[in-house]
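Let me begin by presenting the structure, written as structure tokens, before commenting on it.
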Amino acid sequence: YRKLRAFLVQTLVAADREDVREAAGAAADALRDGFRLWLGSPQRIAVDPETGHEYRWQDVVAFDTDVPDDDRRRLLAAIRGTSFLREAVFLFSKGTTVRLSDIPPGGVWIRHLGTSHGKSVYRITVQTRHQESYDVAVNVNSELAPEDVQEEIQWLILCGESAGREPLLEDFGGYWEEQDLWSEEFVPGQTLDLALRRLSRREHEAERFRLTWPFWAWSAMSAYVDFWHRTGMRQEIADPGTSSVIVPTHDYLTGARIVSVSARRPVSGLIPMVLAFRSRLVEPVEIEYPALAGIVGWDVIFSSVLEVLGEDEGIKMFLGAIAEQGDDVPDEMRRALDHFLSGVEVRGFLPMRLF
């Protein structure tokens, strides 16, 4: 289902002919509707095997105190009246189906994770009678226009379908138009800014703090480059900073994840994107943590591009961008790039895991 959905959305976005795009959109809608028909409608009433009493979804779902009333109403309506929760658990847990009778009263807990970019994000935790637990993230729209919602969902589908590559974004579940909300895979972990803050407080790990910073920076920037690459070099993350990406906790792990694609923009070019990595990610960290100053240089920033594009394509892209930008390229960056590319020509590119 996910592979077919990604193919149809890719055709919808990239096809040259309008009739092909329309056919792909109609096929994607039919695929979704057929999938949800196969999942079946939600169970309305269940019987507690311990007490023999009937219970409903409103007896199962519990909200944290900071969830607004309107969002509570919309979330409960989606859980009670659609296959929203069944669909999400099925897609994110490799085929597990959950019915009302599988969940004890109070077995679904919803808490607020944050509000930004015109939507609120909640974490839904499902605890079953069989001691199984599932987590789902749900986005409740408040300000985004319908076309912006659909565009964000399209990028989630296209960048989330890894096709053998490391996952980059949360896997997309499904959008429910009546309640104007959509489900995503819940990705545990800390954003880069929180990871830096946590490790900086451990005085006995000062050396590890310095040694881990290049790995975290390289991982984060490679994730931003990967998003740009997977969108056909048409979109980029508007704020490539430390709060927009989740990084692995240790340097023997892989798989940085971008938190959200809501703050995205049309690509301004490879050189401006690379300059933004330095000004929006590296330099603010060096100002906040002086012990890290000078550790992540231009070589790490350039390496994040070759990490994703590969040595040959990365060099070709850099040379083309330098020729196109001309005098707009800062002298410091131009000299650093010449030195970096000369080193790659002599010894080859050293990817992050080997480094």
Write down the atom of [X], the atom of [Y], and the distance for their closest heavy-atom approach.
X: Ala220; Y: Val245; result: CB-CG1, 3.7 Å
X: Tyr224; Y: Ser244; result: OH-CB, 3.2 Å
X: Ala217; Y: Leu281; result: CB-CD2, 4.4 Å
X: Ile246; Y: Val187; result: CD1-O, 4.0 Å
X: Pro188; Y: Phe186; result: CD-O, 3.5 Å
X: Pro284; Y: Ser279; result: CD-O, 3.2 Å

For [X], enumerate each residue passing the side chain to side chain contact (heavy atoms under 4.5 Å, CB included) test, keeping only those at least two apart in sequence or located in another chain.
X: Leu354; result: Leu350, Pro351
X: Pro105; result: Asp48, Tyr55, Arg129
X: Leu37; result: none

Determine, stepwise, if the pair Arg210 / Glu205 fulfils salt bridge (charged side-chain N to carboxylate O under 4.0 Å, His left out).
-> CA-CA 9 Å; Arg210 288 190 293 270; Glu205 293 195 273; over 6 Å; no
Return the [atom1] to [atom2] distance between [X] and [Y], rounded to the nearest 0.5 Å.
X: Ile237; Y: Met221; atom1: CD1; atom2: CE; answer: 15.0 Å
X: Arg86; Y: Ser41; atom1: CZ; atom2: OG; answer: 9.0 Å
X: Trp213; Y: Leu292; atom1: CH2; atom2: CG; answer: 7.0 Å
X: Asp16; Y: Arg21; atom1: CG; atom2: CZ; answer: 8.0 Å
X: Asp71; Y: Ile110; atom1: CG; atom2: CD1; answer: 10.0 Å
X: Leu12; Y: Asp29; atom1: CG; atom2: CG; answer: 9.0 Å

Would you give me the side-chain donor-acceptor pairs under 3.5 Å for residues 315-342, sequence neighbours excluded?
residue	atom	partner	partner atom	Å
Glu332	OE2	Trp298	NE1	3.2
Arg334	NH2	Gly326	O	2.4
Ser342	OG	Asp338	O	2.8

In the structure I gave you, are the side-chain heavy atoms of [X] and [Y] within less than 4.5 Å of one another anywhere?
X: Val285; Y: Glu288; answer: no
X: Pro240; Y: Met273; answer: no
X: Leu85; Y: Trp57; answer: yes
X: Met352; Y: Ser303; answer: no
X: Lys119; Y: Ser262; answer: yes
X: Arg44; Y: Leu100; answer: no
X: Arg265; Y: Glu236; answer: yes
X: Phe84; Y: Pro42; answer: no

Flag yes if more than 12 heavy atoms outside Arg202 fall under 6.0 Å of its CZ atom; otherwise flag no.
->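 Atom CZ in Arg202 is crowded, with more than 12 foreign heavy atoms closer than 6.0 Å.
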Residues Val126, Val136; criterion side-chain contact (heavy atoms from CB on, under 4.5 Å); working and verdict | CA-CA 8 Å; Val126 180; Val136 174; 5.7 Å; no
Does Arg2 come within less than 4.0 Å of Asp171, counting only side-chain N to carboxylate O?
-> yes
Asp69 and Arg73 ion-paired at < 4.0 Å =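 Judged by the 4.0 Å cut-off on N to carboxylate O distance, Asp69 and Arg73 do not form a salt bridge.
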Going through the checks in order, is the side-chain contact (heavy atoms from CB on, under 4.5 Å) test met by Arg257 and Leu168?
-> CA-CA 5 Å; Arg257 296 282 194 102; Leu168 180 63; 5.7 Å; no
Quick one: does any side-chain atom of [X] pair with a main-chain N or O of [Y] as donor and acceptor, under 3.5 Å?
X: Gln10; Y: Leu158; result: no
X: Asp59; Y: Arg56; result: yes
X: Arg123; Y: Trp109; result: no
X: Arg234; Y: Thr231; result: yes
X: Thr11; Y: Ala24; result: no
X: Arg264; Y: Val261; result: yes

No-hydrogen, no-angle side-chain donor-acceptor test under 3.5 Å, [X] and [Y]:
X: Trp182; Y: Glu184; value: yes
X: Tyr134; Y: Glu132; value: yes
X: Ser304; Y: Ser222; value: no
X: Ser243; Y: Asp193; value: no
X: Tyr122; Y: Asp64; value: no

Decide whether [X] and [Y] are clustered together by the hydrophobic rule: side chain heavy atoms of Ile, Leu, Val, Met, Phe, Trp, Tyr closer than 4.5 Å, transitively.
X: Leu196; Y: Leu199; result: yes
X: Phe172; Y: Leu75; result: no
X: Leu8; Y: Leu91; result: yes

Answer yes if the ring centres of Trp38 and Phe90 are under 6.0 angstrom apart, and no otherwise.
->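 Judged by ring-centre distance (under 6.0 Å), Trp38 and Phe90 do meet the cut-off.
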State yes or no: are the ring centers of Tyr289 and Phe209 separated by less than 6.0 Å?
->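 Centroid separation for Tyr289 and Phe209: below 6.0 Å.
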Go through Phe349 and Glu307 one step at a time and tell me if the side-chain contact (heavy atoms from CB on, under 4.5 Å) criterion holds.
-> CA-CA 9 Å; Phe349 172 61; Glu307 186 77 33; 4.0 Å; yes
Can you say whether the rings of Phe355 and Trp218 are parallel (under 30°), tilted (30 to 60°) or perpendicular (over 60°)?
-> tilted
Specify whether Tyr1 and Phe35 have parallel, tilted or perpendicular ring planes, treating 30° as the upper limit for parallel and 60° as the lower limit for perpendicular.
-> parallel
Test Leu181 against every option in Asn139, Asn141, Val138 by the side chain to side chain contact (heavy atoms under 4.5 Å, CB included) rule and name the one that passes.
->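 Exactly one pass, corresponding to Val138.
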Decide yes or no on salt bridge (charged side-chain N to carboxylate O under 4.0 Å, His left out) for Glu87 and Arg36, but give the supporting numbers first.
-> CA-CA 7 Å; Glu87 174 188 66; Arg36 290 177 176 176; 2.9 Å; yes
Ring pair (Phe, Tyr, Trp, His ring centres under 6.0 Å) against His117, all qualifying residues, sequence neighbours excluded = none
Which pairs of donor and acceptor atoms, one on a side chain in residues 143-151, lie under 3.5 Å apart (sequence neighbours left out)?
none

Starting from the C-alpha separation in whole Å, work towards a yes-or-no answer on side-chain contact (heavy atoms from CB on, under 4.5 Å) for Asp180 and Tyr175.
-> CA-CA 7 Å; Asp180 198 11; Tyr175 173 69; 2.8 Å; yes
